[in-house]
Amino acid sequence: MSENTTNRQAALDYHAFPKPGKLEIRATKPLANGRDLARAYSPGVAEACLEIKEDPATAALYTSRANLVAVVTNGTAVLGLGNIGALASKPVMEGKAVLFKKFANIDCFDIELDQSDPEKLAEIVCAMEPSFGAINLEDIKAPDCFTVERICNERMNIPVFHDDQHGTAIVVGAAATNALHVAGKKFEDIKIVSTGGGAAGIACLNMLLKLGVKRENVWLCDIEGLVYEGREKDMNPIKSEYAQKSDLRTLDDVIEGADLFLGLSGPGVLSPEMVAKMADRPIIFALANPTPEIMPDLAREVTPDAIIATGRSDFPNQVNNVLCFPFIFRGALDVGATTINDEMKIACIEGIAALARETTSAEAAAAYQGEQLTFGADYLIPKPFDPRLVGIVSSAVAKAAMETGVATRPIEDLDAYKANLDSSVFKSALLMRPVFHAARAMSRRIVFAEGEDERVLRCAQAMLEETTERPILIGRPEVIAKRMEKAGLTLKLGEDVDVVNPENDPRYRDYWGTYHELLARRGVSPDIARAIMRTNTTAIGAVMVHRGEADSLICGTFGETRWHLNYIEQVLGRDGKRAHGALSMMILEDGPLFIADTQVHQHPTPEQLAEIAIGAARHVRRFGITPKVAMCSQSQFGNQGEGSGSRLRRAIRILDEGNHDFTYEGEMNIDTALDPELRARLFPENRMEGAANVLVFAHADAASGVRNILKMKGGGLEVGPILMGMGNRAHVVSPSITARGLLNMAAIAGTPVDNYG
């Protein structure tokens, strides 16, 4: 079986299994009993209807309209497949709806209309206004698409956006902005030669004019050659706006001295000989799919320093509309925009272009492993999976909508709006906000034992951008420098971050001397101390914290927890400090759930269990959450005499003897802890209200198992583990931790010691 046949079958299977299509509808409200039914439908639904009749704006409150987009097509210009009809276009439109949901959490209905008359098509779209917050026109052939969009925009009071035109134009605008930045040129000075007089091509040229290009410097060609004054064949009013007064007739005639070639036409249109005629450091946007106007390797054979973008994912600089449409719609919907105007489009361009010039996010790097994601000729626009897009671009679009007066629901606090958008993709952002706020009030030094790890390097970069902490990296400087260069990071060793080189550091004598002094009576000879301070980065970091050269240590990106903890306790386990538990925050769809003890004690004693509960409650408050601690066991309120239940019952008695400011209850099953109705039925006199948010287990296996099941099967995101009892002087993370997870731990480590136990 050929590779093409295999790939075709794989694509068909993707669409067919486990159920046909790529979309389904899910309810957002419970419908479990008669009460729910009476509210969802008759008679309760009438109340919402009457409110909307009285004030149409309340539809945004009582229905999903404000977050609902229609993706509409008649199937007359589908991808590179042409006029395949409305029904055959449905897989594409479903895919578009999936992208809206994935990248911007916007709900969509795909609507395929069997109507080829543009005015009648527009009439149908206009009639759908009560159902939707915005309309995304898709894959309608030119020039019909211009007619449909014009009529809809004139008659409808919601955004209407033809993505083939404006989405392409926005991403091209962002790529061109950065390409000119790399080439050292300006919009107002460049000559543009474009092939393709269709909707996307014309929209791109219109946008480039808005960005500063002079109309007289634009030369538009199509299958008939140059669009010139007096030409009659295959002309329309839209093309005529770009007609040149010239005797030149072919692409080869006009390409001389062009700074930017913009291709939205077909394969092989631009020859290497034409590239050779272009200006120095030419910019070539060969965007035809699947085969571009010229393959990048052919262009570079002629002009090695050419800056090239295509529409393909297997070359750098893929011009992909998914960089634009989810985020411009997100901003427009959130402010109730009545249209998407030029100012909103330009704000989108500026946001996309600016993001590419920043350091690449760890999440994008993970999604595109092996690719060089450093701003330059091969990285002009960010990757679609960069989670920062929604916050940066959508907030810029919302701001532009408000400033131009098209927003019906203005946002008072744009910074808070952006933070909320970020929290929709960074699941930990909202819960970590109070921790980051506390960390910014301090300027603590955080030492990373595994300073050569790329995740640590990306975390250090993010620390400089998002906190006031100073990272210290333990590792070989030459290895760190090479890995930073490969990752496109801008950290300056010795300036932005401090480096401790275990192979050659002037403090080596002081470090091994300190380690020997601390452990001389525990069998550590000078030779052993010297060896450890050359090879054991966790021990080095702990010594730095002990000596006051760092405030907190983060280790554990590889290796076993107990191994790291041994050296931490050797060096830092003094003055009453000892590890008494590890706490993990699991961020789930319905909120956070804290799990303890996942790492420190295999079979904690009743005294240790009480200590774990107290420490967990204290740490939970750091996230602005009121702790409700459940002591979890197979036993249920004393129904089993032996096993973990007896230890937990003793722990409860120890807690009862103290004066604690948090709610705790147990011993009980996990479902009893999380289901207040079940708990009330089994033990009506229990002291806890609502669901528990902290689960304390009598076995590390149980705690670790629950944590890992939630992470791997429940879609939970872990923050932690947080090492309790060490005064915030050290934390041992999991080898599976991400760069964002390390940044969260750095923020936790960066809060004042007095606030932690």
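- In this model, a donor atom of one side chain and an acceptor atom of the other lie less than 3.5 Å apart for S633 and S644.
- Within 6.0 Å of atom CD in Q634, 12 or fewer heavy atoms from other residues, nucleotides or ligands are found, so the atom counts as exposed in its surroundings.
- At a threshold of 4.5 Å between non-hydrogen side-chain atoms, the residues F448 and P471 count as touching.
- Between I158 and R65 there is a side-chain heavy-atom pair separated by less than 4.5 Å.
- A salt bridge does not link K628 to E689: none of the charged nitrogens lies less than 4.0 Å from a carboxylate oxygen.
- Annotation: cation-pi geometry not satisfied between K102 and F385 (NZ/CZ under 6.0 angstrom from ring centroid, within 45° of ring axis).
- Comment: K90 engages D110 in a salt bridge, judged by a side-chain N to carboxylate O separation of less than 4.0 angstrom.
- Between R679 and D675 there is no salt bridge, since no side-chain nitrogen of the basic residue lies less than 4.0 Å from a carboxylate oxygen of the acidic one.
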Worked verdict on F329 versus N136 for side chain to side chain contact (heavy atoms under 4.5 Å, CB included): CA-CA 9 Å; F329 272 95; N136 183 97; 3.4 Å; yes
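- Ring centroids of F325 and F100 are separated by less than 6.0 Å, placing the two rings close together.
- Ion pairing of D163 with K96 is present here, as a side-chain N (NZ or NE/NH1/NH2) and a carboxylate O approach within less than 4.0 Å.
- Comment: D107 engages K101 in a salt bridge, judged by a side-chain N to carboxylate O separation of less than 4.0 angstrom.
- One finds a salt bridge joining R26 and E24 here, because a Lys/Arg side-chain nitrogen approaches an Asp/Glu carboxylate oxygen to under 4.0 Å.
- Looking at heavy atoms from C-beta onward, F103 lies in side-chain contact with V322 at the 4.5 angstrom threshold.
- Counting heavy atoms of neighbouring residues, nucleotides and ligands inside a 6.0 Å radius, atom CD of E465 exceeds 12 of them.
- D36 contributes a side-chain N or O that, together with a main-chain N or O of A32, makes up a donor-acceptor pair within less than 3.5 Å.
- In this structure, a donor-acceptor pair under 3.5 Å is present between the side chains of D701 and Q602.
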F637 and T672: CA distance, side-chain angles, deciding distance, side chain to side chain contact (heavy atoms under 4.5 Å, CB included) verdict: CA-CA 10 Å; F637 300 118; T672 307; 4.0 Å; yes
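- Under a 3.5 Å cut-off, the side chain of R687 and the backbone N or O of T663 do not form any donor-acceptor pair.
- By the 6.0 Å contact criterion, CD on E677 is open, its count of non-hydrogen atoms from other residues, nucleotides or ligands being 12 or less.
- The shortest distance between side-chain heavy atoms of V620 and T626 does not fall below 4.5 Å.
- A donor-acceptor contact shorter than 3.5 Å is absent between the side chain of S64 and the backbone of N67.
- Taking the side chain as every heavy atom from C-beta outward, P410 and V335 never approach each other to under 4.5 Å.
- A salt bridge does not link K418 with D413: every distance from a Lys NZ or Arg NE/NH1/NH2 to an Asp or Glu carboxylate oxygen is 4.0 Å or more.
- No side-chain heavy atom of E611 sits under 4.5 Å from any side-chain heavy atom of I614.
- Aromatic pair F697/H699: centroids not less than 6.0 angstrom apart.
- At a cut-off of 3.5 Å, with distance as the only test, a side-chain donor of D656 or Y664 sits close to an acceptor on the other residue.
- H619 pairs in a side-chain contact (heavy atoms from CB on, under 4.5 Å) with only one of the listed residues (I748, N728, I722), which is I722.
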Test log, rule side chain to side chain contact (heavy atoms under 4.5 Å, CB included), inputs R39 and R35: CA-CA 6 Å; R39 290 174 178 175; R35 180 194 61 193; 3.9 Å; yes
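- Few gaps surround CD on E657; more than 12 heavy atoms of other groups in view lie less than 6.0 Å from it.
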L710 vs L593, side chain to side chain contact (heavy atoms under 4.5 Å, CB included): CA-CA, chis, key distance, verdict: CA-CA 10 Å; L710 290 174; L593 184 65; 4.1 Å; yes
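- Between the side chain of N639 and the backbone N or O of S635 there is no donor-acceptor pair closer than 3.5 Å.
- Under the 3.5 Å distance criterion, with hydrogens and angles disregarded, a donor-acceptor pair is assigned to the side chains of T561 and Q599.
- In this structure, the side chain of E450 engages the main chain of G556 through a donor-acceptor pair within 3.5 Å.
- Put simply, the side chain of F161 does not reach to within 4.5 Å of the side chain of I135, judged on heavy atoms.
- Ion pair R649/E667 flagged as a salt bridge, since at least one NZ, NE, NH1 or NH2 atom sits closer than 4.0 Å to an Asp/Glu carboxylate oxygen.
- You'll find the side chain of I446 reaches within 4.5 Å of the side chain of M463, heavy atoms only.
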